[in-house]
Protein chains: 2
Amino acid sequence: MKQESESKRKLLETAMEMIWESSYGSVSVDDICTKAGVNKGSFYYAFKSKSDLAVAAFERHWEHKRPLMDKIFSSQIPPLERLDNYCQSIITSQKEKYQTFGKMLGCPYCSLGSELSTQDEKIRLKADEMTKRMLKYVESLVRDLAAEGLIEVKDPAELAQEVFSYVTGVLMQAKIENNVHHVERLQHGIMRLLGVKNLTAAAS
Amino acid sequence: MKQESESKRKLLETAMEMIWESSYGSVSVDDICTKAGVNKGSFYYAFKSKSDLAVAAFERHWEHKRPLMDKIFSSQIPPLERLDNYCQSIITSQKEKYQTFGKMLGCPYCSLGSELSTQDEKIRLKADEMTKRMLKYVESLVRDLAAEGLIEVKDPAELAQEVFSYVTGVLMQAKIENNVHHVERLQHGIMRLLGVKNLTAAAS
DNA sequence: CTTGCATTATACCAACCAGTCAACTAAGTT
DNA sequence: AACTTAGTTGACTGGTTGGTATAATGCAAG
C-alpha cells in the first residue's frame, strides 16, 4: 500500500522541482508528465488532480528534508549553534538552487502558499502545515535560548513566529530581488530580532 | 498622451483587484475584460500583453497609494508615531480586504513577485521597484529613530531592509494562515527588531 | 460633407488546458 | 489455463488560453 511506484515517485520529484523553479500556474500537467517521462493516463491513475499532486509533492519533499532538519535542530546542539546551522543550511541550499537554475527560488512552501492560498484551500492548508512544522523547531530553539539566559522573552511562541516570519520574508525578498545577499545576512537580522546578548561569536 | 481612456482605467482597476484577490495565473484576460465591461479588442489596443497590464496596474496602484504613504511617513511626524501609523494602516487595509473577500490577501506586490519572479522578468523588476520604494520610507524612519537616540544601529539601510523583510514575511504568513492575528502583532515584532529602548508607549 | 484617426466591437485562431477513457500489459494467484 | 489485480498507454474531449485581424464606430479638423 505504501510502496510508491516508480512513475509516481518520478512525478512527485519532477513536480516539486518544476513548481519550485517556476510556479504552480505556469507548469502544466503535460509539462510535468513529459519531463517525468510518464504518461498522462498514469498521472491521473496516481493522482486525482493537479492540485492533489502538488500537495503530495510537498509532503514528500518534507519527508526527505526532515532528517536534516532534525539534525540541525537537535537538542544535543547548543541553541546558538543550531541557529547558525539553520542559517547556513538555508544559504547553502539557496545558493545551490541559484547555481542550478540561474535564479533565486526562495522557499517553495511559501511561494506556492503565497500564489494559491486564496485559490485552493487544500494547498493553503498544506502550506500552513509546512510552516507550522518549521515553527516547532524555532520554538524549541527560542525556549532553549531563553533557558540559557541568552535572550529575554515573555512569549517564546510569539517570538518564534516572528523569527520565522522574518526568515520567510527575507527569502521572498531575495527571490524578488534575485539576489543572494539578503539571505547571507539572514543571521544578522535574526540575532537582532532575538536580541541575543552576547553577540561576539555569530553576529558579524 | 497621459490622459488614460475610461476603458484603460477600468482595465487597470479591475486587473489590480482580481490579481490581488486571486493570482496572476488564475485570472485570464477574458475574466478581466468581462468584469471590466471592456472588449478584448480594446484590451489589446491599450496593452500589448497580459504581463504588460499587470505591470501597469501595479504602477497605477502605487500612484494612488503614494499620497497616503507620504502622509504616514512624513518627516513632520515623530518616527515612533510614523511607525505606529504605518502598522495601523496595514492592519486596517488587510482587515478591510478580509471583510470584502472573506480571506487574507497579503501584500499584492509581494504575492505577484513571489509567483512570477522566476518566470517574467518585467514583473520581477516591477515588484522589486515597488519594494525598494517602500524601503525608502523605512530607511528614513530608521535613521530618524537613531537620530533621536531611540535605537542603536550601525547600518540603517540594512536594518530598514530587515524591518521591511519582516513586514512582508508577516503579511505572507497571514495570507497562508488566512488569519489577521499575526498582522495585528506586527508592531510588536518590529519594535523588537528595531530594539526600541522605551517600550512604554507602543509595544503592548 | 468628408477625410483621417483614435477607439471599440466582433469574430476568429491555433495552442494549450485539466481531465477521461477503453484497451492493453504484465505479474501474480488459484 | 483462467482469473484478478495493478499499472500503463495514447488517443480523445470540451472548454479555455493569450493573442490577432479586421470591420464598425465616433468624432474632430479641414
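Below, read A as the first sequence line, B as the second, and so on, with proteins coming before strands; counting in each chain starts at 1.
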For this session: With salt bridge (Lys or Arg N to Asp or Glu O under 4.0 Å) as the test, would you mind laying out the steps for B:Lys35 and B:Asp31 before giving the verdict?
Result: CA-CA 6 Å; B:Lys35 192 161 183 184; B:Asp31 292 340; over 6 Å; no
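- The side chain of B:Tyr45 places no N or O atom within less than 4.0 Å of a non-bridging phosphate oxygen (OP1 or OP2) of C:dT8.
- Remark: A:Asn39, A:Gly41, A:Ser42 in residues 23-43 of chain A come within less than 4.0 Å of DNA chain D through at least one heavy atom.
- Listed here is the closest heavy atom pair of B:Lys71 and B:Ile77: O-CD1, 3.4 Å.
- Contact between the side-chain N/O atoms of A:Tyr44 and the OP1/OP2 oxygens of C:dG19 is found at a separation under 4.0 Å.
- Rounded to whole Å, the distance from NZ on A:Lys8 to P on D:dA6 is 13 Å.
- With 3.5 Å as the limit, one finds a donor-acceptor pair spanning the side chains of B:Gln173 and A:Thr168.
- Taking atom NZ on B:Lys10 and atom P on C:dT7, their separation rounds to 19 Å, with Å as the unit.
- In terms of heavy-atom proximity, B:Ser114 sits nearest to A:Lys175 at O-NZ, 2.6 Å.
- Side-chain atoms of B:Thr100 and B:Glu96 include no donor-acceptor pair closer than 3.5 Å.
- One distance of note links CG of A:Leu112 with CD1 of A:Ile123; it measures 5.0 Å at 0.5 Å rounding.
- Contacts of residues 47-55 of chain B with DNA chain D (heavy atom under 4.0 Å): B:Ser49, B:Lys50.
- Between A:Lys126 atom NZ and A:Asp120 atom CG the span is 13.0 Å, to the nearest 0.5 Å.
- Within the cation-pi definition used here (under 6.0 Å to the ring centroid, within 45° of the axis), A:Lys50 qualifies as a partner of A:Tyr24.
- Listed pair A:Ser7 / D:dG7 fails the phosphate criterion, with no side-chain N or O lying under 4.0 Å from OP1 or OP2.
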